[in-house]
Amino acid sequence: MRPLEGVLVVSLEQAVAVPYASRLLADLGARVIKVERPGGGDFARQYDAAAGEVSSYFAWTNVGKESVVLDLKAPEGARVVAELVERADVVLCNLSPGALRRLGLDADTLRARHPSLVVAELSSYGEGGPYSDRKAFDALIQSEAGLVALTGDGDAVARAGISVADIAGGVQLQAAVLAALVRRGRTGEGATLRLTLMEALAEWMHQPALYAHGTGREPRRHGAHHPTIAPYGPFPCADGAVHLAVQNDGQWRRLCSAVLGRPELADEPGFRTVAERVANRDELHARLGESFGVLSADGLLAALDAADVPAARTRGIGELTSHPQLTARDRWTEVAVPGGTAPMLRPPVDASTWDWAAAAVPALGEHTDAVLAWLGYTPDQLADLRARSVI
C-alpha cells in the first residue's frame with residue numbers, strides 16, 4: 001500500500017509546475033483528479049506530439065491521473081468542482097489569483113468552508129510588489145532569477161535545457177503538501193500554501209547569489225566547465241567526450257601519473273593547485289586535449305575509473321532511454337498514453353514498504369463520466385450537462 005492511498009487531490013492545473021507536483025503525489029498513491037477546460041484541456045497537451053497524441057511535457061507530468069473536463073464558468077461546472085472539493089484532502093491550483101477569486105476557488109474561500117483542507121496555490125511572482133500582475137513562464141523566471149546570465153559560455157548566455165523553474169516549483173510544492181498532510185494528521189487542521197515560481201527558483205540560486213554578494217563578482221560563464229574548479233568539464237576524445245570532475249589535488253596527481261603517464265605535470269608552475277589551474281584554464285585545457293584527443297572515450301573513462309578520478313561519459317539526450325545503468329537497474333517502463341505508449345522512468349526513490357506500478361496518462365475528459373457518477377450524477381444528468389457543454 002502506497003503512503004498516499006486514500007488521499008484525494010483535486011488539481012486545477014495547466015502547463016508544468018503544478019502538474020508535476022500532482023504527478024509526484026500520484027506516484028505516492030494519491031488519487032489525482034485533474035480538472036481541464038473544454039475545447040482542448042491543459043494547453044501543455046499540444047506542446048509537441050512526441051508521446052502518442054500528447055506532448056512529451058504532458059506525458060511526463062500526468063502519469064496516473066484522472067481527467068475531468070468542466071466549464072468552470074458555468075454554474076453547474078462550478079457546482080461539480082465544489083462537490084469534488086467537499087471530498088478532497090488537497091486542492092492544487094495554478095490559475096491566476098484573480099480568476100480563482102471570481103470562481104470562489106481561492107484558498108481563503110475554500111479554507112473558510114473546509115478548515116481541514118490543504119490548499120496550495122502557485123503563481124508567477126505572487127501578490128504584492130511591482131511584478132504581481134505580470135505573467136511568467138519558465139524561461140522568463142530563469143531570466144529574472146539570474147540563471148540565464150549564469151548559464152552559457154563566454155559572452156553567450158543560455159537558458160537551462162529543461163524547465164528548471166517549473167521543476168523547482170513542483171518539487172517544493174509537493175514537499176509542502178506532504179508536510180501539511182503530516183501536520184493535519186496530528187492537529188486535524190488544514191493549511192494554505194502559496195508558492196511563486198520566482199521564489200522557487202531564487203531558492204535554488206542561493207549559492208551563486210551568495211558568491212556574487214560576498215565577492216562583488218558574478219561567476220563567469222564557462223559552458224559546461226566549472227567556474228571555480230579545473231579541470232572540471234567535458235573534454236573531446238577521438239569518438240566522443242568525457243566529463244572530468246577533478247576537485248582536489250590528490251585527484252589531479254592521479255590523473256597526471258596514472259592516466260596521462262606524466263607525473264611531472266602535476267607540479268608544473270601554474271598547475272599545482274586548484275586556484276592555479278583555474279587561473280591557467282586555457283593552457284591546462286590545451287595540454288589535456290593533446291592527450292585526450294587520441295583516446296577513445298571508453299578507454300579514457302576506464303583509465304580514469306582505475307585511477308579513482310571522477311568522470312563520466314558526455315552523452316546525447318537520445319541515449320538516456322538506453323543508458324546502461326538505467327537499463328541494468330530496470331528503471332524504464334512503458335506507460336500507456338493517448339494514442340500509444342511512451343517510456344517512463346520509475347520514481348527515483350525506492351521504498352522498502354511500498355512499490356510503484358505504471359499508470360496511464362489520461363485522454364482529455366477520459367474520466368468525466370466515471371467521476372461524476374461517483375459523485376452521484378445519473379446518466380440523464382450527465383447527458384444534460386454534456387448537451388449544454390458543461391462537461
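Every value quoted in this text rests on a predicted model; they were computed, and no experiment measured them. No hydrogens, no waters, no symmetry mates; every other heavy atom, side chains included, goes into these values.
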If you measure only the distance, is there a donor-acceptor pair under 3.5 Å linking the side chains of [X] and [Y]?
X: E366; Y: S67; value: no
X: E127; Y: S132; value: no
X: E276; Y: N280; value: no
X: S22; Y: E13; value: yes
X: D239; Y: S296; value: no
X: Q46; Y: Y57; value: no
X: T61; Y: R23; value: no

Do the rings of Y131 and Y125 sit parallel, tilted or perpendicular, given the 30° and 60° boundaries? perpendicular
Could you tell me whether the side chain of [X] and the main chain of [Y] form a donor-acceptor pair under 3.5 Å?
X: Q142; Y: A160; result: yes
X: Q381; Y: T378; result: yes
X: S143; Y: V148; result: no
X: D138; Y: V164; result: yes
X: R221; Y: A149; result: yes
X: E5; Y: M1; result: no
X: T109; Y: L105; result: no
X: Q172; Y: A168; result: yes
X: S163; Y: D166; result: no
X: D48; Y: S56; result: yes

Under a 4.0 Å N-O cut-off, is there an ion pair linking [X] with [Y]?
X: D108; Y: R194; result: yes
X: D249; Y: R277; result: yes
X: R253; Y: D267; result: yes
X: D42; Y: K65; result: no
X: E268; Y: R287; result: yes
X: R2; Y: D27; result: no
X: R346; Y: D355; result: yes

Could you report the tightest heavy-atom contact between [X] and [Y], atom names first, then the distance?
X: C237; Y: L300; value: SG-CD2, 3.6 Å
X: V278; Y: A230; value: CG2-N, 3.8 Å
X: S124; Y: I141; value: O-CD1, 4.1 Å
X: A360; Y: V335; value: CA-CG1, 4.1 Å
X: G40; Y: L364; value: C-CD2, 3.7 Å
X: G188; Y: S116; value: O-CB, 3.6 Å

Linking I/L/V/M/F/W/Y whenever any side-chain heavy atoms sit under 4.5 Å apart, do [X] and [Y] land together?
X: I33; Y: L72; result: yes
X: L92; Y: L117; result: no
X: V10; Y: L70; result: yes
X: V16; Y: M344; result: no

How about H225 and F235: are their ring centres within less than 6.0 Å of each other?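 That pair passes the under 6.0 Å test.
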Does the structure place the NZ or CZ of R272 under 6.0 Å from the centre of the six-membered ring of W252, at an angle of no more than 45° from the ring's axis? no
Sequence neighbours left out, what passes ring-ring contact (aromatic ring centres under 6.0 Å, His included) with Y20? Give chain and number order.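 Expected list: W60.
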[atom1] ([X]) with more than 12 external heavy atoms under 6.0 Å:
X: L210; atom1: CG; result: yes
X: Y211; atom1: OH; result: yes
X: R87; atom1: CZ; result: yes

In a check of side chain to side chain donor-acceptor pair (under 3.5 Å) between E66 and each of H367, R31, K34, which one passes?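 Per the side chain to side chain donor-acceptor pair (under 3.5 Å) rule, the option paired with E66 is R31, out of H367, R31, K34.
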Nearest-0.5 Å distance that lies between atom CG in L304 and atom CZ in R254: 11.0 Å
